[in-house]
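Numbers here simply count residues along the sequence, with the first being 1. Everything quoted here is computed from the prediction, not taken from an experiment.
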Amino acid sequence: MRARTLIVCIAIVGAALKGCAALTSTASANAVAQAFRPAVDPAREKRLEWFRQAKYGLFIHWGLYAIPAGQWNGRAIPGLGEWIMFRTPVPVREYEKLAARFNPVKYNPDEWVKLAKDAGMKYIVITSKHHDGFALFKSQVSPYNVVDATPYKRDILKALADACARQNMRLGFYYSQAQDWHEPSGAGNTWDFGPDEKKDFDQYLRAKAEPQVRELLTGYGPVALIWFDTPRMMTAERGKRFTDVVRSMQPNTLIDGRLGTEGDYRSTGDNAIPGEASGEAWETPATINHTWGYRVDDTDWKSPGQIAFKLIDIVSKGGNYLLNVGPMADGVIPQPSQDILRTVGRWLQVNGEAVYGAGPTPFGGELGTPAPNGAKDVRGDPLYFTQTDWRVTTKPGKLYFTFFTEPRVPFPLPAMKNAVKRAYRLVDRAAVQVKTGNGRTLLDIERPIPDPMATVIVVEFEGDRVQRP
Ligand code: FHN
């Protein structure tokens, strides 16, 4: 039997996890999101319809942190680019001076939306206000925003919303509801404002966060979703104030799983892909290199093949992939990010049928197996011995087998009661011979497979759903 591809992460939990966590962690890193997992609700299911079809979205982290790009006073500050204020740490009075230098003259929202389209992405989520407190939109409740505090003076989000409307792209807003390092009562800035426990957090929520979410739901057309994050100090009651705002203003807007109370779908930990499939709606937010906000020194890009694998892996487990880019301070998305996204987009142009609106695997054995004795990674999520040879996604009467390596030939289909009608390659519809042997249905897949990055074989079967023996 052909050697199975096993990625064994359990041996070195720690440094090694950096490399394999993306493939092996289950999605439960965000304990709060897990705790508030919603029960089935018909209104929510209706809101989720487009999201379950979309499968692949563009995340954009952009803000003042793109100017230092990971360096402060000539020193590289380790960590995520957008966390530079916290990691250095930089006093508010110094950090806010960056606003006077924010002038992204090369910002072209139509090009950004076009990139997302070329990439095969079906929605965009952009940081409207990240933890540093700076808003990329005109706000009446805080002058710390792109229109009032920068030489650029134009509303970044309005321009993007208009471009999305022109190009028929859904747009959502990331909003850091709890952490706001610019505000004395917001969570997170202890170097200027002392411990969080002593702050009047509700004053911050009422004076800035809640009204700003209202502003986002007022001036930018239909908002596909509000992507809350890091729910520190968020009680159920505080969370409900946000859901009330969203539901009353735009009932179709989705709420992610990181508000701190009820959301519409489960958000996994960053870059965390569950080991198993699930029928609930969920999403993995993920980086294309290591940072979210632009860092000049982070050029460790994931390859198109890695991105394609993660996308199919996620879809085969029932989830969505929200893949991030970090534009530079001048408004340009780094060229390597663009090239990688477009390469995957070209693959999707041919093979998108296996992705958009596709359901999870009816099998599961191909995903791998849980590590023994309930072993956990550093986040506390179960570890998996992940297999990476192939994945399968579904539509009524069809199975899409995506191969990432040359398959064993003939390829034995996992056991199912349904009769197989026919099989063919998605790329050119060339027939694949179906035969039986030793009680198994076998596919005579021609080798080498036509696309070494990922090749899809469609198997049509009797009935709508796979029946397992
Ligand atoms: O702290 C943020 C981080 O900067 C980034 O925005 C990610 C995206 O999922 N969310 C938080 C960490 O989980």
Side-chain angles (χ1 to χ4, degrees), residues 1-6 52-53 55-56 120 275-279 304-305 308-319 344 346-369 385-469:
M1 184 176 147
R2 182 174 183 277
R4 298 197 320 173
T5 310
L6 296 180
R52 286 186 186 271
Q53 291 289 317
K55 293 294 168 196
Y56 192 28
E276 291 170 346
S278 151
F309 175 78
K310 287 174 192 292
L311 174 60
I312 310 293
D313 186 32
I314 287 169
V315 175
S316 83
K317 293 168 180 170
V344 179
R346 281 192 290 278
W347 185 87
L348 280 165
Q349 265 168 27
V350 177
N351 297 289
E353 192 186 316
V355 171
Y356 307 117
T361 175
F363 309 116
E366 75 279 13
L367 303 174
T369 48
F385 297 120
T386 305
Q387 294 190 65
T388 56
D389 294 341
W390 56 272
R391 290 290 182 263
V392 61
T393 53
T394 52
K395 283 188 180 163
K398 286 183 182 176
L399 290 163
Y400 300 89
F401 287 84
T402 304
F403 294 93
F404 302 95
T405 56
E406 295 295 340
R408 169 185 166 184
V409 175
F411 175 76
L413 289 183
M416 56 192 243
K417 286 184 183 167
N418 316 58
V420 171
K421 294 202 285 198
R422 63 183 185 125
Y424 53 91
R425 305 196 308 201
L426 191 53
V427 63
D428 55 4
R429 311 263 155 180
V432 172
Q433 207 198 330
V434 182
K435 51 189 197 183
T436 49
N438 291 336
R440 303 289 299 267
T441 306
L442 307 165
L443 299 183
D444 242 343
I445 299 169
E446 198 178 306
R447 292 201 304 194
I449 50 176
D451 187 339
M453 188 164 94
T455 290
V456 180
I457 307 288
V458 187
V459 173
E460 292 187 359
F461 59 87
E462 299 280 358
D464 275 355
R465 294 168 67 90
V466 165
Q467 306 289 323
R468 304 301 311 278

So for atom CZ, which belongs to R468, do other residues, nucleotides or ligands contribute more than 12 heavy atoms lying within a distance under 6.0 Å?
yes
I'd like to check T455 versus P407 (side-chain heavy atoms, cut-off strictly below 4.5 Å). Are they in contact?
no
In this structure, CG of L348 is separated from NZ of K55 (nearest 0.5 Å) by 13.0 Å
Heavy-atom side-chain contact between Y56 and V315 under 4.5 Å:
no
Just jot down the side-chain contact (heavy atoms from CB on, under 4.5 Å) partners of D428, sequence neighbours excluded, or say none.
R425, A430
Less than 4.5 Å apart, any side-chain heavy atom of K317 and any of D313?
yes
Within the distance-only criterion (no hydrogens, no angle test), does the side chain of T394 pair as donor or acceptor with the backbone N or O of P360 below 3.5 angstrom?
yes
Heavy-atom check, side chain of V432 versus side chain of E446, under 4.5 Å:
no
E276 side, atom CD; T369 side, atom OG1 - distance, nearest 0.5 Å:
10.0 Å
Residues at least two apart in sequence or cross-chain that pass side-chain contact (heavy atoms from CB on, under 4.5 Å) with P410, listed by chain then number, are K435, L442, D444
Could you give all pairs that pass the ring-ring contact (aromatic ring centres under 6.0 Å, His included) test and reach residues 406-446, with sequence neighbours left out?
W390-F411, F401-F411, F403-F411
With the side chain counted from C-beta on, respond yes when V355 and I312 share a heavy-atom pair under 4.5 Å apart, and no when they do not.
yes
Applying side-chain contact (heavy atoms from CB on, under 4.5 Å), name anything that partners P452, two or more places apart in sequence or on another chain.
none
Check this for me: E460, atom CD, are more than 12 non-hydrogen atoms of other residues, nucleotides or ligands nearer than 6.0 Å?
yes
Go through the structure and list residues passing salt bridge (Lys or Arg N to Asp or Glu O under 4.0 Å) with D464, not counting sequence neighbours.
none
Contacts satisfying ring-ring contact (aromatic ring centres under 6.0 Å, His included) that involve residues 440-469 (not counting sequence neighbours) are none
Strictly distance-based, threshold 3.5 Å: is any side-chain N or O of K421 a donor or acceptor partner for the main-chain N or O of G397?
no
Interatomic distance, K395 atom NZ to Y400 atom OH [nearest 0.5 angstrom]:
4.5 Å
pair L443-L413: side-chain heavy atoms closer than 4.5 Å:
yes
